[in-house]
Chemist: 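Pasting a structure below so you can have a look.
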Amino acid sequence: MDVEEIISRLKKLYPKGYFHINRDPYYLLISTVLSQRTRDEVTIPTTQKLFSVFDTPQKMASADVDEIRELIREVGFYNVKAQRLIEISRVLLDEYDGIVPDDIDELVKLPGVGRKTANCVLTYAFDKDAIAVDTHVHRISNRMGLVETDTPEETEIELEKVVDKEMWKDINGLMVLFGKSICRPVSPKCDVCIMNDICPKLI
DNA sequence: AAAACGGGGGC
DNA sequence: GCCCCAGTTTT
């Protein structure tokens, strides 16, 4: 399977890539945590609403957890997420001088931040070379025969072997857009898919 | 390895 | 009314 061809086609299909309203590291970190297992149509306005009140680690760290909880209710998992946002902000202040670290090993130490979230921050906020593997990237990479893996962690490792480093940061956004519109989890739109001629169609 | 966290939208 | 969604932590 020609990885470069796949990414090249996705870039043509989505020339503007994935749109982010704000690439500030703290904003992106918080919005990405809020987006876990949640549609971004919901996450985007909720994050803006939250930041209209608490827009810095200093403000968030001393916020009332009940107020955060109500502000983010629509994204779901609001109880644990509200506590994590406050705890993340406190750790940033205590351990990192209020600055979001640009290192994977430091980011994953933050509560509620796993490899997917950390790699999103690295690629979108810091423009670093990393692959953020979510369910879309995991599913599509396997469907198209780029890798054969059981877990996102495994997929990240295998993708790094078969994709040029300069393309790593593009994978997540492109495959998310592709995965939501065409290569969906169930009933993918293979009949209108631009990968039709090169896809193994292992569905 | 499996459960738990969850409101909102699609069907 | 049922099922799924830019995951991560806990049991």
Chemist: Let me know, please, whether A:Arg184 or A:Val80 comes out on the 5' side of the other along DNA chain B by nearest nucleotide.
Modeler: A:Val80

Chemist: Would you say A:Thr38's side chain and A:Val75's backbone share a donor-acceptor pair under 3.5 angstrom?
Modeler: yes

Chemist: For A:Arg184 and A:Gly179, indicate whether the former's side chain and the latter's backbone hold a donor-acceptor pair under 3.5 Å.
Modeler: no

Chemist: What pair of heavy atoms forms the shortest contact from A:Thr46 to A:Ile72, and how long is it?
Modeler: CG2-CA, 3.6 Å

Chemist: A:Tyr14: what forms a ring-ring contact (aromatic ring centres under 6.0 Å, His included) with it, not counting sequence neighbours?
Modeler: none

Chemist: Using atom types as modelled and distance alone, determine if a side-chain donor or acceptor of A:Asp24 lies under 3.5 Å from a backbone N or O of A:Tyr27.
Modeler: yes

Chemist: Test A:Ile140 against A:Phe178 for side chain to side chain contact (heavy atoms under 4.5 Å, CB included), laying out the working first.
Modeler: CA-CA 9 Å; A:Ile140 294 168; A:Phe178 186 50; 3.8 Å; yes

Chemist: For DNA chain C, whose closest nucleotide is more 5', that of A:Val108 or that of A:Gly173?
Modeler: A:Gly173

Chemist: With rounding to whole Å, what would you report as the distance between C:dA6 and B:dA2 at their C1' atoms?
Modeler: 23 Å

Chemist: Given side chain to side chain contact (heavy atoms under 4.5 Å, CB included), test A:Lys169 with A:Leu122 step by step and report yes or no.
Modeler: CA-CA 9 Å; A:Lys169 68 170 70 72; A:Leu122 289 178; over 6 Å; no

Chemist: For the pair A:Lys116 (side chain) and A:Ala132 (backbone), establish whether a donor and an acceptor sit closer than 3.5 Å, ignoring hydrogens and angles.
Modeler: no

Chemist: How do A:Asp134 and A:Arg84 order along DNA chain C: which one's closest nucleotide is nearer the 5' end?
Modeler: A:Asp134

Chemist: In whole angstrom, give me the gap between the C1' atoms of B:dA1 and C:dC5.
Modeler: 22 Å

Chemist: Please give the distance between the P atoms of B:dG9 and C:dT8 as a whole number of Å.
Modeler: 24 Å

Chemist: Should side-chain heavy atoms under 4.5 Å link Ile, Leu, Val, Met, Phe, Trp and Tyr, which residues sit in the same cluster as A:Phe77?
Modeler: A:Val80

Chemist: Which residues in residues 19-49 of chain A have a heavy atom closer than 4.0 Å to any atom of DNA chain C?
Modeler: A:His20, A:Ser35, A:Gln36, A:Arg37, A:Arg39

Chemist: Keeping A:Lys165 on the side-chain end and A:Asp129 on the backbone end, is there a donor-acceptor pair under 3.5 Å?
Modeler: no

Chemist: Of all nucleotides in DNA chain B that come within under 4.0 Å of a heavy atom of chain A, which is furthest toward the 5' end and which toward the 3' end?
Modeler: B:dC5 to B:dG8

Chemist: Between C:dT11 and B:dG6, how far apart are the two P atoms, rounded to whole Å?
Modeler: 15 Å

Chemist: Could you go through the side chain to side chain contact (heavy atoms under 4.5 Å, CB included) check for A:Leu110 and A:Leu29 one step at a time?
Modeler: CA-CA 10 Å; A:Leu110 298 170; A:Leu29 172 61; 4.1 Å; yes

Chemist: If we ignore hydrogens and angles and just use 3.5 Å, is the side chain of A:Asp134 paired with the main-chain N or O of A:Asn172 as donor and acceptor?
Modeler: no

Chemist: First and last nucleotide of DNA chain C in contact with chain A, 5' to 3', at under 4.0 Å to a heavy atom: what are they?
Modeler: C:dC4 to C:dT9

Chemist: Dot-bracket for DNA chain B, 5' to 3', counting Watson-Crick or G-U wobble pairs under 3.5 Å, with [ ] for crossing pairs and | for inter-strand pairs?
Modeler: |||||.|||||

Chemist: Between C:dG1 and B:dC5, how many Å separate the two P atoms, rounded to a whole number?
Modeler: 22 Å

Chemist: For A:Asp66, does the CG atom sit with more than 12 other heavy atoms under 6.0 Å from it, leaving out its own atoms?
Modeler: yes

